[in-house]
Amino acid sequence: ELAIFRIVQEALKNVEKHASATQVDIKIEYADGKININVVDNGKGFKLAGEVGELPREGRLGLMGMQERAHLLGGNIKIKSEINHGTDVLIELPG
């Protein structure tokens, strides 16, 4: 529970620091032995050069930390972001 809290906390911290968003939605689903957490903002977005594993080279250490926490729980993170169209962070964990 604490690791999940820290992942969502970091996602919200990133929105606060970088996105200039006016809205953030968090959706948590428990289904079929999985936990899916979706954090979506309407901020300025960013260009993600490649895979999540390349985040440290891009200076995106907060996102990398989120990925590492998810992996420790047996899950993963998917990030979709588009300039001027916000960011969608999907955290998929075993339930």
Side-chain angles (χ1 to χ4, degrees):
E1 292 172 352
L2 181 60
I4 293 170
F5 172 78
R6 294 292 182 210
I7 292 169
V8 173
Q9 182 181 42
E10 182 65 32
L12 292 174
K13 183 174 147 187
N14 286 341
V15 171
E16 178 185 27
K17 286 175 65 175
H18 305 292
S20 299
T22 59
Q23 183 173 342
V24 180
D25 294 313
I26 301 172
K27 181 178 178 183
I28 301 173
E29 295 179 306
Y30 299 92
D32 300 326
K34 296 187 296 184
I35 301 169
N36 290 326
I37 304 163
N38 205 19
V39 181
V40 180
D41 70 64
N42 67 346
K44 61 184 179 181
F46 62 95
K47 183 175 178 171
L48 189 59
E51 298 296 317
V52 175
E54 297 175 24
L55 291 170
R57 280 185 249 139
E58 296 179 20
R60 302 186 189 280
L61 299 177
L63 293 174
M64 189 65 216
M66 291 168 56
Q67 178 69 20
E68 288 174 354
R69 286 182 194 270
H71 273 248
L72 289 172
L73 297 173
N76 65 64
I77 292 181
K78 296 177 183 174
I79 301 167
K80 296 178 188 172
S81 189
E82 189 176 334
I83 301 295
N84 298 321
H85 293 292
T87 300
D88 183 343
V89 177
L90 175 62
I91 302 124
E92 300 173 322
L93 304 168

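Positions are given from 1 along the sequence.
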Chemist: Report whether I7 and L72 are members of the same hydrophobic cluster (ILVMFWY, side-chain heavy atoms less than 4.5 Å apart, transitive linking).
Modeler: no
Chemist: Do any pairs count as a side chain to side chain donor-acceptor pair (under 3.5 Å) and have a residue in residues 6-15, sequence neighbours left out, and if so which ones?
Modeler: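 For residues 6-15, and leaving out neighbouring residues, the side chain to side chain donor-acceptor pair (under 3.5 Å) pairs sorted by first residue read R6-Q9.
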Chemist: Kindly compute the distance separating CD (E92) from CG (N76), expressed to the nearest 0.5 Å.
Modeler: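 Reported to 0.5 Å precision, the distance equals 5.0 Å.
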Chemist: Tell me the closest heavy-atom pair linking S81 and G45, and the distance in Å.
Modeler: OG-CA, 3.3 Å
Chemist: Hydrophobic clustering (ILVMFWY, side-chain heavy atoms < 4.5 Å, transitive) - are M66 and F46 grouped together?
Modeler: yes
Chemist: Are any of the side-chain heavy atoms of I35 and I4 separated by less than 4.5 Å?
Modeler: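 Heavy-atom side-chain distance check passes, below 4.5 Å.
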Chemist: Would a single hydrophobic cluster contain both I91 and L73, if residues Ile, Leu, Val, Met, Phe, Trp and Tyr are joined by side-chain heavy-atom contacts under 4.5 Å?
Modeler: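 Yes; tracing contacts between hydrophobic side chains, which count when under 4.5 Å, links both residues.
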Chemist: Just do the side-chain contact (heavy atoms from CB on, under 4.5 Å) check on I26 and L12 with the steps written out, would you?
Modeler: CA-CA 9 Å; I26 301 172; L12 292 174; 3.8 Å; yes
Chemist: Any non-hydrogen side-chain atom of V8 less than 4.5 Å from a side-chain atom of I28?
Modeler: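 Answer no - side chains too far apart.
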Chemist: For D88, what residues pass the side chain to side chain contact (heavy atoms under 4.5 Å, CB included) criterion, not counting sequence neighbours?
Modeler: N38, V40, K80
Chemist: Measure the CD-CG distance between Q23 and D25 for me, rounded to the nearest 0.5 Å.
Modeler: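 Rounded to the nearest 0.5 Å, the CD-CG separation comes out at 4.5 Å.
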Chemist: Consider only side-chain heavy atoms of I, L, V, M, F, W and Y, link residues closer than 4.5 Å, and tell whether L2 and I37 are in one cluster.
Modeler: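 Looking at the clustering, I37 is in a separate group from L2.
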Chemist: Just verifying a value: how many Å separate H18 NE2 and D41 CG, rounded to the nearest 0.5 Å?
Modeler: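 Nearest 0.5 Å value for the NE2-CG distance: 11.5 Å.
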Chemist: Cluster partners of I83, using ILVMFWY side-chain heavy atoms under 4.5 angstrom, listed by chain and number?
Modeler: none
Chemist: Let me confirm one number: the CG-OG1 distance from N42 to T22, rounded to the nearest 0.5 Å.
Modeler: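 Interatomic distance, N42 CG to T22 OG1, rounded to 0.5 Å: 3.5 Å.
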Chemist: Looking at H71, R69, Q67, which one forms a side chain to side chain contact (heavy atoms under 4.5 Å, CB included) with I77?
Modeler: Q67
